[in-house]
Engineer: 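Before I ask anything, here is the structure I am working with.
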Amino acid sequence: MKSIKAKVLVAFSLIISLCVILGAFNIYSSNKSLVYSQDIIERELPLLIQDEKHLYNLAQRTAFVRAYILYGDESYKERFLQYTEESQVIQEELLALSDSDKAKELIEKSVDWRTMIVERVFIQYEKGNEERAKEILKNEVAPISNEVLEGFKELASKREELIQVKPSSKAGNRSRRQVSSCPLQQSLSALCWRLLLPTSLPPPSLKLGTG
């Protein structure tokens, strides 16, 4: 009787230990997922939004400066200056969120691009040197704007991939960990049966249902 009682106590101790271990593991996995989700919400997603806003702003300013040089309508210049003020706010928010050297470099180039337009293109155009203004716009301003646009497109694409890939990899890791815990459960269950039953009886076969 004492031997059977001892076996029962050992078996239940193993079962309880297994439950505690698996429960702690699930809590740990859930906490890691929560931390990652918070990182996306607080960092990656705001950065992606700022990248996209800066892209849109730069594209709009490029269109306005070209329209101003082509048609001479002051409203296009005013819109360019208005969007320039908005871009400064976007750039400050982007730099506050990101420590990326690439983002800093692109922002510096966009500032140089803006300065070149205001201090060279507009001045030449308003002096009556329209052809010179167009030449500067085509040969000096356009290459910088294309480089900055492509650079921010690349940053935005990489950030989108990061946001999409990490959750799927996390889900895959969780699935693999859940599958890998099954042999442990089966082994401990078999051990409990061997402790409880006579050695002449085999432990019950543990099969996963197919239904």
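Keep in mind that what you see is a predicted model, and the values were worked out from it rather than measured.
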Engineer: When you group the ILVMFWY residues by side-chain heavy-atom contacts below 4.5 Å and let the links chain together, are Leu58 and Leu81 in the same group?
Structural biologist: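 The answer is yes; both residues are in one hydrophobic cluster.
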
Engineer: Are any of the side-chain nitrogens in Glu108 or Lys104 under 4.0 Å away from the carboxylate oxygens of its partner?
Structural biologist: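 Between Lys104 and Glu108 there is no salt bridge, as every charged N stays at least 4.0 Å from the carboxylate O atoms.
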
Engineer: Is there a side-chain contact between Val111 and Gln91, using heavy atoms and a 4.5 Å cut-off?
Structural biologist: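 Result yes, sub-4.5 Å side-chain heavy-atom pair found.
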
Engineer: Between Glu135 and Arg120 (salt bridge meaning N to carboxylate O under 4.0 Å), is one present in this structure?
Structural biologist: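 Salt bridge flag = no for Arg120 with Glu135.
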
Engineer: Is any side-chain heavy atom of Tyr76 closer than 4.5 Å to a side-chain heavy atom of Val65?
Structural biologist: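 Sidechains of Val65 and Tyr76: no contact.
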
Engineer: How far apart are the closest heavy atoms of Lys138 and Pro143, and which atoms are they?
Structural biologist: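 Closest heavy-atom pair between Lys138 and Pro143: O-CD, 3.6 Å.
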
Engineer: With the 4.5 Å side-chain cut-off for hydrophobic clustering, are Ile49 and Ile90 part of the same group?
Structural biologist: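 Result: no, two separate clusters.
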
Engineer: Is the shortest side-chain heavy-atom distance between Phe64 and Lys77 below 4.5 Å?
Structural biologist: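 In short, these two side chains do not touch, never coming nearer than 4.5 Å.
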
Engineer: Relative to the ring of Tyr56, is the ring of Tyr83 parallel (under 30°), tilted (30 to 60°) or perpendicular (over 60°)?
Structural biologist: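 If you compare the ring of Tyr83 with that of Tyr56, the planes turn out tilted.
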
Engineer: Could I get the full list of side chain to side chain contact (heavy atoms under 4.5 Å, CB included) partners for Ala63, not counting sequence neighbours?
Structural biologist: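 For Ala63 there are no side chain to side chain contact (heavy atoms under 4.5 Å, CB included) partners, ignoring immediate neighbours.
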
Engineer: Do Ser110 and His54 have side chains that approach each other closer than 4.5 Å (heavy atoms only, starting at C-beta)?
Structural biologist: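 The answer is yes, as the side chains (C-beta and beyond) meet within the 4.5 Å cut-off.
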
Engineer: CD of Glu140 to CD1 of Ile117: how many Å apart, nearest 0.5 Å?
Structural biologist: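 Atom-to-atom, Glu140:CD and Ile117:CD1 are 11.5 Å apart.
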
Engineer: Rounded to the nearest 0.5 Å, how far does CG of Leu48 lie from CZ of Arg159?
Structural biologist: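 Interatomic distance, Arg159 CZ to Leu48 CG, rounded to 0.5 Å: 7.0 Å.
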
Engineer: Could you tell me whether the side chain of Glu160 reaches within less than 4.5 Å of the side chain of Glu52, counting heavy atoms only?
Structural biologist: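 SC-SC contact between Glu52 and Glu160 confirmed.
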
Engineer: Would a hydrophobic clustering, with Ile, Leu, Val, Met, Phe, Trp and Tyr connected at side-chain separations under 4.5 Å, put Ile123 with Ile136?
Structural biologist: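 In one cluster: no.
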
Engineer: Taking side chain as C-beta onward, heavy atoms only, is Thr62 less than 4.5 Å from Trp113?
Structural biologist: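 Yes - at least one pair of side-chain heavy atoms lies under 4.5 Å apart.
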
Engineer: Working to the nearest 0.5 Å, report the span between CD of Gln124 and CG of Leu137.
Structural biologist: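 Spacing of CD (Gln124) from CG (Leu137) equals 12.5 Å.
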
Engineer: Report the residues that fulfil side chain to side chain donor-acceptor pair (under 3.5 Å) with Glu74, sequence neighbours left out, ordered by chain and then residue number.
Structural biologist: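 If we apply the side chain to side chain donor-acceptor pair (under 3.5 Å) test to Glu74, skipping adjacent residues, the hits are Tyr68.
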
Engineer: If you compare all heavy atoms of Tyr125 against all heavy atoms of Ile69, which two are closest, and at what distance to 0.1 Å?
Structural biologist: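 That would be CE1-O, 3.4 Å.
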
Engineer: Nearest 0.5 Å please: distance from the CG atom of Leu55 over to the CD atom of Gln60.
Structural biologist: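 Nearest 0.5 Å value for the CG-CD distance: 11.5 Å.
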
Engineer: Which heavy atom of Thr84 sits nearest to which heavy atom of Ser87, and what is that distance?
Structural biologist: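 So the minimum-distance heavy-atom pair works out to O-OG, 2.6 Å.
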
Engineer: Mind checking side chain to side chain contact (heavy atoms under 4.5 Å, CB included) for Leu155 and listing every partner two or more places apart, or none if nothing turns up?
Structural biologist: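 For Leu155, the residues satisfying side chain to side chain contact (heavy atoms under 4.5 Å, CB included) (neighbours in sequence not counted) are Asp51, Lys102, Ala103, Leu106, Phe152.
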
Engineer: Under 3.5 Å, side chain of Ser98 to main-chain N/O of Leu94, donor-acceptor pair present?
Structural biologist: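 Not at all, since once roles are kept as given, no pair shorter than 3.5 Å links the two residues.
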
Engineer: Heavy atoms only: give me the nearest Ala59-Leu149 pair and the separation to one decimal.
Structural biologist: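 Where Ala59 meets Leu149 most closely, the heavy atoms are N-CD2, 4.2 Å.
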
Engineer: Look at Lys158 together with Glu161 and state whether they make a salt bridge at an N to O cut-off of under 4.0 Å.
Structural biologist: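 Answer for the salt bridge query: no.
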
Engineer: Kindly indicate whether the side chain of Arg114, heavy atoms from C-beta on, has any atom under 4.5 Å from the side chain of Gln88.
Structural biologist: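 Heavy-atom side-chain distance check passes, below 4.5 Å.
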
